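The next block holds one structure in the form of structure tokens; read it before the comments.
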Amino acid sequence: MRPDTPAAHTTEAERLLRTAAQYPGDREPLYLQAAAHRELAGDREGATALYDALLASAPANPHLIRALKAANLWEYGHEAEARAIIEGVRRAKPKDALPWEITAETLEAHDELEEAESTLTEAAGLLATTAELPHATQSLLTTRHRIRRMLARDHDAWDVRADRLHTGTVGLDELHDPKRLWSLGSSDPAELQAEITRLRSELGTYRTALSRPFPVAVLHWPERELDELLAAYPELEAEYPTYRAHLTDIEASLRELAAAGTPNLGIVRATVPSYEAFAASESTHPSNADLLPQYATTLAARGRATAWPPARTAECWCGSGRTYGECHGAE
């Protein structure tokens with residue numbers, strides 16, 4: 001059950017911090033989750049302390065942590081400090097979309113729509129430069145589209161691209177129309193029914209996003225790790241008869257998921273120590289094959305997934321050193 005009271009959020013934050021102490025390799029994502037629970041519990045100073053602790057330890061995602069810290073600070077009266085952090089994030093020009101989007105949404109939440117739009121436009125110019133965009137960059141373009149509709153801006157090339165990437169039955173222009181809410185006060189049944197249809201579509205989009213916040217990930221055991229795994233747990237040989245078959249199964253599974261329309265696919269690299277620690281946390285034995293998909297999902301939730309498919313000219317996910325188009329991406 002998800003926490004739904006301040007006390008429950010505080011309890012969950014403490015549980016996450018104990019887990020981080022037990023598994024220091026996962027400290028950063030666990031601290032971020034704990035900070036989010038502290039914010040939901042109303043302990044914003046406690047959340048800031050966790051962000052500061054991460055920033056003091058050479059984190060993997062410093063721009064994301066700073067963006068989250070700024071959003072939190074502004075909510076409990078530290079506007080000047082939050083603005084300074086936001087400017088620092090923008091000057092750093094992070095290569096990930098999420099810090100940009102969090103920064104823009106913080107500005108939007110405090111009626112700084114012009115600055116929010118400017119931030120997202122700068123981010124789009126840096127990140128949305130390839131034919132295929134990761135999910136986070138697509139989300140950034142969608143957020144930019146919404147804010148520009150609120151500002152009554154004419155469509156530009158990024159808005160057109162956001163429209164093209166949108167897969168909902170109701171277009172972004174309708175979903176993001178600021179005048180839409182006024183129709184809820186209409187006495188015309190046709191207008192009310194049209195608005196209900198739009199809201200259902202929007203809710204469906206949100207539900208889809210919430211049901212799959214992380215990539216659908218497939219486990220990849222590097223050859224040395226797979227040898228070690230099967231030596232320790234021969235019961236898993238039925239899952240992995242040979243290393244070559246393992247690689248073939250990964251590509252085949254991902255292609256099948258893609259053909260079925262599953263978005264946001266990824267690959268997570270497994271290691272025996274990490275897997276054993278996960279099994280211990282689940283109070284089960286590593287030889288239990290049912291644990292493998294749970295392990296993959298947990299790694300993906302902790303930000304360990306690499307998006308699939310890679311570009312054909314990029315290095316193949318299997319580590320062969322060849323390009324994806326020459327290796328597992330070959331037709």
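Fair warning: this is a prediction, and the values are worked out from it, not measured in the lab. Heavy-atom basis, side chains included; hydrogens, waters and symmetry copies ignored.
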How far apart are the closest heavy atoms of [X] and [Y], and which atoms are they?
X	Y	result
Leu133	Leu127	CD2-O, 4.1 Å
Ala128	Arg161	O-NH1, 3.2 Å
Ala124	Leu141	CB-CD2, 3.8 Å
Cys318	Tyr243	O-OH, 3.9 Å
Tyr324	Ala311	CB-O, 3.6 Å
Leu55	Pro62	CD2-O, 3.9 Å

Treat each ILVMFWY residue as a node, draw an edge where side-chain heavy atoms are under 4.5 Å apart, and state whether [X] and [Y] are in one component.
X	Y	answer
Leu113	Trp158	yes
Val160	Met150	no
Ile65	Ile102	yes
Tyr51	Trp74	no
Leu247	Val272	yes

Open item on the list: Would Ile267 and Leu254 count as a side-chain contact (heavy atoms from CB on, under 4.5 Å) here? Give the steps.
Closed with: CA-CA 9 Å; Ile267 296 175; Leu254 289 167; 3.6 Å; yes
Hey, are [Y] and [X] close enough side-chain-wise for a donor-acceptor pair under 3.5 Å?
X	Y	result
Tyr233	Glu239	no
Ser274	Tyr23	no
Thr271	Glu225	no
Ser57	Arg27	yes

Decide yes or no for [X] and [Y]: does some side-chain heavy atom of the first lie under 4.5 Å from some side-chain heavy atom of the second?
X	Y	result
Lys69	Glu81	yes
Arg322	Glu315	no
Leu226	Leu230	yes
Val89	Ile86	no
Leu291	Phe278	yes
Trp308	His220	no
Asn72	Arg38	no
Leu64	Leu32	yes

Spell out, as yes or no, whether a donor-acceptor pair under 3.5 Å connects the side chain of [X] to the backbone of [Y].
X	Y	result
Thr142	Gln138	yes
Asp96	Leu98	no
Thr297	Pro293	yes
Asp249	His246	no
Ser139	His135	no
Glu12	Ala34	no
Thr323	Thr313	no
Thr262	Ala258	no

Task: Proximity of His145 and His155 rings by center, below 6.0 Å - done: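 Here the rings of His155 and His145 have centres that are less than 6.0 Å from each other.
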- [ ] Assess the pair Trp221 and Tyr275: is the distance between their ring centroids shorter than 6.0 Å?
- [x]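 Ring-ring flag for Trp221/Tyr275: true, centres closer than 6.0 Å.
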- [ ] State whether the number of non-hydrogen atoms from other residues, nucleotides or ligands found under 6.0 Å of Glu79 atom CD is greater than 12.
- [x]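 Yes.
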Open item on the list: Applying side-chain contact (heavy atoms from CB on, under 4.5 Å), can you list everything that pairs with Ala116, at least two apart in sequence or on another chain?
Closed with: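 Only Ala104, Leu107, Glu108, Ile147 meet the side-chain contact (heavy atoms from CB on, under 4.5 Å) criterion with Ala116.
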Atom pair [atom1] ([X]) and [atom2] ([Y]), whose distance is rounded to the nearest 0.5 Å:
X	Y	atom1	atom2	answer
Glu101	Thr106	CD	OG1	10.5 Å
His63	Lys95	NE2	NZ	9.5 Å
Leu50	Leu30	CG	CG	11.5 Å
Cys327	Arg312	SG	CZ	11.0 Å
His328	Ile250	NE2	CD1	7.5 Å
Arg66	Asn61	CZ	CG	11.0 Å

Task: Candidate pair Val268 and Val218, rule side-chain contact (heavy atoms from CB on, under 4.5 Å), full reasoning - done: CA-CA 6 Å; Val268 287; Val218 176; over 6 Å; no
TODO: With salt bridge (Lys or Arg N to Asp or Glu O under 4.0 Å) as the test, would you mind laying out the steps for Arg146 and Asp173 before giving the verdict?
DONE: CA-CA 8 Å; Arg146 175 173 54 77; Asp173 275 349; over 6 Å; no
Task: side-chain contact (heavy atoms from CB on, under 4.5 Å) assessment of Leu73 paired with Arg44 - done: CA-CA 8 Å; Leu73 284 169; Arg44 293 195 171 274; over 6 Å; no
Open item on the list: Between Arg18 and Glu14 (salt bridge meaning N to carboxylate O under 4.0 Å), is one present in this structure?
Closed with: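 Salt bridge: no.
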Open item on the list: Please determine whether a side-chain nitrogen of the Lys or Arg among Arg304 and Asp26 lies less than 4.0 Å from a carboxylate oxygen of the Asp or Glu.
Closed with: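 Looking at Arg304 and Asp26, the cut-off is met.
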TODO: Tell me, with the steps shown, if Leu126 and Trp100 meet side-chain contact (heavy atoms from CB on, under 4.5 Å).
DONE: CA-CA 11 Å; Leu126 289 170; Trp100 289 100; 3.6 Å; yes
Open item on the list: Enumerate the side-chain hydrogen bond (donor to acceptor under 3.5 Å, both in side chains) contacts for residues 112-123, please, sequence neighbours excluded, ordered by first and then second residue.
Closed with: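 Every side-chain hydrogen bond (donor to acceptor under 3.5 Å, both in side chains) pair that includes a residue of residues 112-123, provided the two are not neighbours, is Arg83-Glu112, Arg90-Glu115, Arg90-Ser118, Arg90-Thr119, Arg90-Glu122, Lys93-Glu122, Glu114-Arg153, Glu117-Thr121, Glu117-Arg148, Glu117-Arg153, Thr121-Arg144.
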